[in-house]
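Note sheet for the following structure.
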Amino acid sequence: EQIFAARQVNALFTFGTFALLLWIGFLLKQPLAGALASILLLFNSAFFDVHTAVGLDSFVVFFSLLSFALFLKWQAAFASKSALKFQLLWSLGLGLSLGAAVASKLNGAMAVVSTLPIYAYLLYSVWSDRLRLKQLLMGGGITALSMLLLFIALNPQIRPTSKFSPPGK
């Protein structure tokens with residue numbers, strides 16, 4: 001009964017992966033590419049072999065794609081100079097999604113690593129504009145803090161006072 005429930009959750013996250021691919025296609029102004037990526041993934045037997053097992057792969061793929069989509073939204077909000085509250089909201093969502101990706105499986109850290117070069121380029125591009133630099137640093141700080149806090153909250157074994165901590169800590 002528990003395995004059946006776990007497979008239902010895996011199926012929901014797998015379906016969410018297809019929906020995220022479509023959304024990313026729309027965000028990149030290429031809805032046909034998003035649809036094609038979803039269709040190709042739909043016919044990829046290895047994808048379903050991994051995602052029908054009761055593991056965490058569906059979660060890390062979903063949250064990594066969600067992080068990519070939220071990073072695109074955050075970057076668009078920053079580039080269009082939209083209101084600071086929207087920039088910070090996208091930053092918070094990005095941090096929570098990255099934290100969930102890494103917490104579900106450690107190879108989700110690749111989603112974090114993939115954002116760093118773009119963030120570094122944005123820092124370089126606004127270095128002389130102190131207001132934009134401040135906004136970018138605030139957004140990056142919110143992303144990093146929310147990611148770290150969610151990762152720690154979802155992994156009680158890394159807290160020294162947890163009953164799940166290794167002996168001797």
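Alongside Leu22, the hydrophobic cluster contains no other residue (criterion: ILVMFWY side chains under 4.5 Å).
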Intermediate values then yes/no, side-chain contact (heavy atoms from CB on, under 4.5 Å), Leu27 and Phe68:
CA-CA 10 Å; Leu27 290 175; Phe68 182 66; over 6 Å; no
Begin from the C-alpha positions of Phe63 and Lys105 and carry the test side-chain contact (heavy atoms from CB on, under 4.5 Å) through to its verdict.
CA-CA 10 Å; Phe63 285 117; Lys105 203 166 182 184; over 6 Å; no
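A distance of 8.5 Å separates CG in Leu70 from CG in Leu20, rounded to the nearest 0.5 Å.
Transitive grouping of hydrophobic side chains (ILVMFWY, heavy atoms separated by less than 4.5 Å) keeps Phe78 and Leu84 in distinct clusters. Hydrophobic clustering of Ile, Leu, Val, Met, Phe, Trp and Tyr side chains at less than 4.5 Å, counting indirect connections, unites Trp23 with Leu28. If you chain together hydrophobic residues whose side chains sit under 4.5 Å apart, Leu123 and Leu94 fall into the same group. When hydrophobic clusters are built by joining Ile, Leu, Val, Met, Phe, Trp and Tyr residues whose side-chain heavy atoms come closer than 4.5 Å, directly or via intermediates, Leu66 is grouped together with Val112. Linking Ile, Leu, Val, Met, Phe, Trp and Tyr residues whenever their side-chain heavy atoms come within less than 4.5 Å places Ile118 and Leu72 in a single cluster.
Screening residues 110-128 for side-chain hydrogen bond (donor to acceptor under 3.5 Å, both in side chains) gives no qualifying pairs among residues at least two apart or on separate chains. Pairs of residues two or more places apart, or lying in two chains, that qualify as side-chain hydrogen bond (donor to acceptor under 3.5 Å, both in side chains) and include a residue from residues 130-150 are Arg132-Gln135.
Considering only residues two or more places apart in sequence or on other chains, Gln75 meets the side-chain hydrogen bond (donor to acceptor under 3.5 Å, both in side chains) condition with none of them. Every residue two or more places apart in sequence or in another chain was checked for a side-chain hydrogen bond (donor to acceptor under 3.5 Å, both in side chains) with Asn107, and none qualifies. In this structure, the side chain to side chain contact (heavy atoms under 4.5 Å, CB included) partners of Ile152, at least two apart in sequence or on a different chain, are Leu148, Ile158, Arg159. For Ser97, the side-chain hydrogen bond (donor to acceptor under 3.5 Å, both in side chains) partners are Ser67, not counting sequence neighbours.
The one candidate from Thr14, Thr17, Val9 that meets the side chain to side chain contact (heavy atoms under 4.5 Å, CB included) condition with Ser58 is Thr14.
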Identify every side-chain donor-acceptor pair in residues 31-44 under 3.5 Å, counting partners at least two apart or on other chains, and give the distances.
from	atom 1	to	atom 2	distance (Å)
Ser38	OG	Phe18	O	3.0
Ser38	OG	Gly34	O	3.2
Asn44	OD1	Ala46	N	3.0
Asn44	OD1	Phe47	N	3.4

Under 3.5 Å, side-chain donor or acceptor atoms of residues 86-93 against the rest of the protein: list the pairs with distances, not counting sequence neighbours.
from	atom 1	to	atom 2	distance (Å)
Gln87	NE2	Ser82	O	2.8
Ser91	OG	Trp74	NE1	2.9
Ser91	OG	Gln87	O	2.9
Ser91	OG	Gly139	O	3.4

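Side-chain atoms of Leu96 and Met147, non-hydrogen and from C-beta on, never get closer than 4.5 Å to each other. Considering only heavy atoms from C-beta on, Phe71 stays 4.5 Å or farther from Leu98 through its side chain. A 4.5 Å side-chain heavy-atom check between Asn10 and Phe59 finds at least one atom pair inside the cut-off. Phe13 has its side chain out of reach of Val60: every pair of non-hydrogen atoms, C-beta onward, lies at least 4.5 Å apart. Taking 4.5 Å as the limit, every side-chain heavy atom of Gln30 sits out of range of all side-chain heavy atoms of Ile24.
Within a 6.0 Å sphere centred on CE of Met138, heavy atoms belonging to other residues, nucleotides or ligands number more than 12.
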